[in-house]
Amino acid sequence: MSTPSNAAVVAALRQLVVYTQLEDGRSQSFRTRAYEKAIDAISARSEPVAELSISELTAIEGIGDSTARKVKELAANGSIGKVDRLKERFPPSMLELMRIPGLGPKTVLALQSKLGVTDVAGLEEAIATEKLRTLPGLGVKSEQKIAGAIELLGIHSDERRTPVFDAMLVARRIIADLEASGLAEQIEFAGSLRRLEETIGDVDILVVSSHAAGVIEAFVSLPGVTAVMGSGSTKASVVVDDTIQVDLRVVDAGAFGAALLYFTGSKAHNIELRQIALARGLTLNEYSLSDIESKESVASVSEKSIYHALDLPWITPEIREGIGEIGAAREGLLPNPLMESDIKGDLHVHTAWSGDGRSSMTEMLDAVAARGLEYVVVTDHAEDLAINGLSRGEVLEERAEIEAQRLRLPELTILHGAELNIGPDGDIDYDAEFLSGFDFGVASIHSHLDLAQDRQTHRLLAAVANPAVNVIGHPSGRKIGRRPGAVFDADAVFSAAAENGTAIEINSHLQRLDLAAPLIRQAMTFNGLMFSIATDSHHTSELGNIRWGVAQARKGWVPAARVLNCLTLTEFSAFVARKRRF
DNA sequence: GCCGTTTTCGGCCCGACTGTTTTCAGTCG
């Protein structure tokens, strides 16, 4: 039997959580919380955890002996015994019932025991025959609400999480519309979006305003709102475009930091902070950090003030996963958060010379200069990409234009590079002599993403060793929620990259965010391995995507010292020169 | 089920909204 992937382990543990909620008859038992913590811990790792030994597993924070054995059980038998046993008591269709918003373990158990209902069809029948309202605590309104929720089934389930790119579009649209209302003093997105998770359940938006009622009213009637799930005096939930839930919370300016912290999560991170607060006689909620005895507020205005009051440095949202970042912060092991202002150059930029480039060279370089960057590499596609790539003749013409641009923009150092295509066997465009004419090379895979792992690894290793290649661009080729990336032996590729002086790209586009964060953390363990945080812009409007690449690097705990384009021009040039020996 | 700068046993975060309750249970985040 092949080793279950981490995704498979996580899926099995998620099932275990829901079955255990049914067994316990409540959604928050200490057991289910422990399972959820283990899920978070496994999700953040890149190596297949099913291959680890029991002792290696229990060394991971959040995984104890019991969960470790369940993981090994899954690897050996293909299933977890406890889940198999619970399936006898609770048919799998009850899991589907648990996914319906508004139905929790208590209600689902009552459905089974009082009405014999264990699936969605039975529930619909019970609603149609007005039997649901006979259950204690449920009435006509509950019946209607659940009937409506069944229609929305799928929207809130794990299977229907939204890729971060799409969720960000919705968030920015809602924020712009709310800004136009003029009632908000400040608006921020929070939740998993602010933590830059790859997929988003609900979009969370935080508004500072002294006119909460007006903001809520404006929010629930925004264009695109197709359902209102709930609406109170300070919070409301709606469904936008029939596809994604957006939660809004309105707070006073004085509580902004506490609210942002609370609303950003993760839940596990917040629980840990609250435990630390309690140990100091303090209590933390979404309004403030305050003294338990005197009730006096200690900190609330900014996140930073709250962390400081708990003797912690400000922890960047992207790593608030409750998987050890607080302990690391306490021991001073967290890197200083990488900031956009640390970026000195963009090493992967296209112009109209590429078939898919949509801004002219002049427009692109002006935009780069306007962003205050010191250097840039123009990396148009190369000849192997038939439609978008440049022929040798065009490369030479482009080089001449770059010469002219250098005279026009003396403050900006412009390198002539190329985005080379890594073929299925690891070969790249042109020949060694022609390649030596470039100042810089990014090599990326654009096709054959489904090769077997050993071929994929061989392919990348060949590119890593090529003297014309300074960076491996979007290393997996994935598009979040649209296509999985190539699977390769990451240890082998990172080790070779560190040895050869080939940097690994962190692609800033929200559809890519490639490398994935767990792989970045894995790559961080290879001394000397450098990252390139690049936008891969095809239009000037995409240069701003660098903020997402920087955030992705933070998610991987990358310090500025490990980022090639955070180096000074002199250091950067030296790093490049060491590799380009033909 | 997990974990240890009070603990190998005994703790384990906090509040809003809803619907059904006349004071609260269930759900959600």
Side-chain angles (χ1 to χ4, degrees), chain A residues 13 16-17 20-21 23-41 57-71 82 98-110 132-133 135-146 148-149 156 190-192 200-206 212 216 228-237 245-251 255 258-259 261-290 292 311 322-324 327 330-331:
Chain A
L13 290 177
L16 178 63
V17 168
T20 306
Q21 286 172 341
E23 186 184 28
D24 292 341
R26 56 206 166 117
S27 53
Q28 283 286 318
S29 70
F30 296 116
R31 278 195 302 169
T32 55
R33 256 177 52 186
Y35 294 144
E36 283 170 347
K37 206 164 163 54
I39 287 171
D40 288 340
L57 279 165
T58 54
I60 299 171
E61 185 176 333
I63 298 180
D65 199 51
S66 170
T67 305
R69 277 186 279 116
K70 288 182 173 67
V71 170
K82 180 175 174 184
M98 287 283 284
R99 286 220 304 268
I100 297 174
L103 290 191
K106 291 270 192 338
T107 312
V108 170
L109 285 172
L132 194 62
R133 63 184 69 172
L135 292 182
L138 297 182
V140 178
K141 283 195 115 173
S142 306
E143 228 171 49
Q144 291 167 347
K145 200 169 172 176
I146 291 168
H156 311 294
S192 52
I200 307 299
D202 304 334
V203 171
D204 297 309
I205 294 182
L206 182 65
I216 298 283
V228 178
M229 310 297 290
S231 164
S233 59
T234 62
K235 62 190 269 191
S237 296
Q245 181 170 326
V246 182
D247 297 339
L248 181 90
R249 186 79 182 243
V250 187
V251 298
L261 190 58
Y262 158 78
F263 218 23
T264 297
S266 66
K267 193 167 92 174
H269 181 87
N270 285 348
I271 287 175
E272 222 175 312
L273 284 182
R274 286 167 176 166
Q275 285 168 337
I276 290 172
L278 277 181
R280 293 162 176 254
L282 303 170
T283 178
L284 176 63
N285 59 25
E286 59 260 58
Y287 302 107
S288 83
L289 176 69
S290 47
I292 293 178
D311 280 335
I323 55 164
R330 192 187 278 147
E331 290 164 35

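Note that the structure is predicted; figures quoted are calculated from it, not measured. Chain letters run A, B, ... following the sequence lines, proteins first and then strands; every chain starts at 1.
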* **Which atom of A/Gly25 lies closest to which atom of A/Lys106, heavy atoms considered** => O-NZ, 3.0 Å

* Does a nitrogen or oxygen in the side chain of A/Arg33 sit under 4.0 Å from OP1 or OP2 of B/dC13? -> yes

* Ignoring backbone atoms, test whether A/Thr234 places a side-chain nitrogen or oxygen under 4.0 Å from the OP1 or OP2 oxygen of B/dG15. => no

* Atom-to-atom span, CD1 of A/Ile100 to P of B/dG26 - whole angstrom -> 18 Å

* Separation of B/dG29 C1' from A/Arg99 CZ (nearest whole Å) -> 19 Å

* Asked: If you look at every heavy atom in A/Asp24 and A/Ser29, which pair is closest and at what distance?
  -> OD2-OG, 2.7 Å

* When the nearest nucleotide of DNA chain B is assigned to A/Lys141 and to A/Gly25 on a heavy-atom basis, which residue is associated with the more 5' position? -> A/Lys141

* Structure fact -> From CD1 of A/Ile63 across to P of B/dG1 the rounded distance in Å is 14 Å

* Heavy-atom side-chain proximity of A/Thr67 to A/Tyr35 below 4.5 angstrom -> yes

* Asked: Does a side-chain N or O from A/Lys235 land closer than 4.0 Å to OP1 or OP2 of B/dG29, or not?
  -> no

* Reckon A/Thr283 touches a base, only the sugar-phosphate, or nothing at all at heavy-atom distances under 4.0 Å? -> sugar-phosphate

* To do: Indicate, with a heavy-atom threshold strictly under 4.0 Å, whether A/Gly265 touches base, sugar-phosphate, or nothing.
  => nothing

* **Those residues of residues 273-282 of chain A lying under 4.0 Å from DNA chain B by at least one heavy atom** => A/Arg274, A/Gln275, A/Leu278

* Asked: So what does A/Lys70 hit on the nucleic acid, given a heavy-atom distance under 4.0 Å: a base, only sugar-phosphate, or nothing?
  -> sugar-phosphate

* To do: Using the P atom as the reference point in each nucleotide, state the distance between B/dG19 and B/dC13 in Å, no decimals.
  => 29 Å

* Asked: Using a cut-off of 4.0 Å on non-hydrogen atoms, how would the nucleic acid contact of A/Glu61 be classed: base, sugar-phosphate, or nothing?
  -> sugar-phosphate

* Provide the distance between the two C1' atoms, one in B/dC12 and one in B/dT6, to the nearest whole Å. => 16 Å

* Round to the nearest Å and state the distance from A/Ile271 atom CD1 to B/dC14 atom P. => 10 Å

* Asked: Hey, does A/Tyr262 reach any base, or is it just sugar-phosphate, or nothing, if we go heavy atoms under 4.0 Å?
  -> base

* Hey, does the side chain of A/Thr67 come within less than 4.0 Å of B/dC2's phosphate (OP1/OP2), counting only N and O? -> yes

* B/dT8 to B/dC2 separation - C1' atoms, rounded to the nearest Å -> 12 Å

* Is the backbone N or O of A/Val140 less than 3.5 Å from a side-chain atom of A/Arg133, with the two atoms forming a donor-acceptor pair by type? -> no

* To do: Could you work out the separation of B/dG11 and B/dC17 based on their P atoms and round it to a whole Å?
  => 33 Å

* Asked: Who pairs with A/Arg69 by side chain to side chain donor-acceptor pair (under 3.5 Å), at least two apart in sequence or on another chain?
  -> A/Asp65

* To the nearest Å, how far apart are A/Phe263 CZ and B/dG29 C1'? -> 8 Å

* To do: Answer yes or no: is there a side-chain heavy-atom contact under 4.5 Å between A/Gln28 and A/Glu36?
  => yes

* Asked: Just how far, in rounded Å, is P of B/dC13 from CD1 of A/Ile292?
  -> 12 Å

* Does A/Asn270 place a side-chain N or O at less than 4.0 Å from the phosphate oxygens OP1/OP2 of B/dC13? -> no

* **Donor-acceptor contact below 3.5 Å, side chain A/Asp204 vs main chain A/Ala190** => no

* To do: Would you sort out whether A/Leu289 and A/Leu261 count as a side-chain contact (heavy atoms from CB on, under 4.5 Å), showing the intermediate values?
  => CA-CA 11 Å; A/Leu289 176 69; A/Leu261 190 58; over 6 Å; no

* **Distance-minimising heavy-atom pair for A/Leu132 and A/Leu138** => O-CB, 3.8 Å

* Within the pair A/Ser233 and B/dA16, is there a side-chain N or O less than 4.0 Å away from OP1 or OP2? -> no

* Could you tell me the separation between the CG atom of A/Asp24 and the C1' atom of B/dC12, rounded to a whole number of Å? => 15 Å

* Hey, is the side chain of A/Thr107 poking within less than 4.0 Å of OP1 or OP2 on B/dT27, counting only N and O atoms? -> yes

* To do: Report the base-pairing partner of B/dC17 (Watson-Crick or G-U wobble, both distances below 3.5 angstrom), or none.
  => B/dG26

* **Whole-angstrom distance between B/dG26 and B/dT20, as gauged at atom P** => 14 Å

* Mind checking the CD-OG1 spacing from A/Glu23 to A/Thr32? Nearest 0.5 Å is all I need. => 11.0 Å

* Asked: Using the C1' atom in both, what is the distance from B/dT5 to B/dG1, to the nearest Å?
  -> 23 Å

* Would you please confirm or rule out a distance under 4.0 Å between OP1 or OP2 of B/dG26 and any side-chain N or O of A/Lys106? => yes

* To do: Would you classify A/Val140 as touching base, sugar-phosphate or nothing, given that sugar-phosphate means primed atoms plus P, OP1 and OP2, and contacts are heavy atoms under 4.0 Å?
  => sugar-phosphate

* **First of A/Asn285 and A/Ile60 reached from the 5' end of DNA chain B, by closest nucleotide** => A/Ile60

* Asked: Where the side chain of A/Lys145 is defined as all heavy atoms beyond and including C-beta, which of B/dA16, B/dG19, B/dC13 is the nearest nucleotide?
  -> B/dG19

* Asked: Can you tell which of B/dT20, B/dT27, B/dC14 lies closest to the side chain of A/Pro105?
  -> B/dT27

* Asked: Within the structure, does a side-chain N or O atom of A/Tyr287 lie under 4.0 Å from either OP1 or OP2 of B/dA16?
  -> yes

* Answer yes or no: is there a donor N or O on one side and an acceptor on the other, between the side chain of A/Lys37 and the main chain of A/Gly322, under 3.5 Å? => yes

* **Between C1' of B/dG11 and CD of A/Gln28, the distance in whole Å** => 16 Å

* To do: For A/Ser66, answer base if it contacts any base atom (sugar-phosphate contacts may also be present), sugar-phosphate if it contacts only those atoms, and nothing otherwise; contact means non-hydrogen atoms under 4.0 Å.
  => sugar-phosphate

* Under 4.0 Å between any heavy atoms, over every strand shown, what does A/Ser231 touch: base, sugar-phosphate, or nothing? Just pick one. => sugar-phosphate

* Identify whether a stacking contact exists between A/Phe30 and B/dC2, where the ring centres must be under 5.5 Å apart and the planes under 30° apart. => no

* Tell me whether the OP1 or OP2 atom of B/dG1 has a side-chain N or O from A/Ser29 closer than 4.0 Å. => no

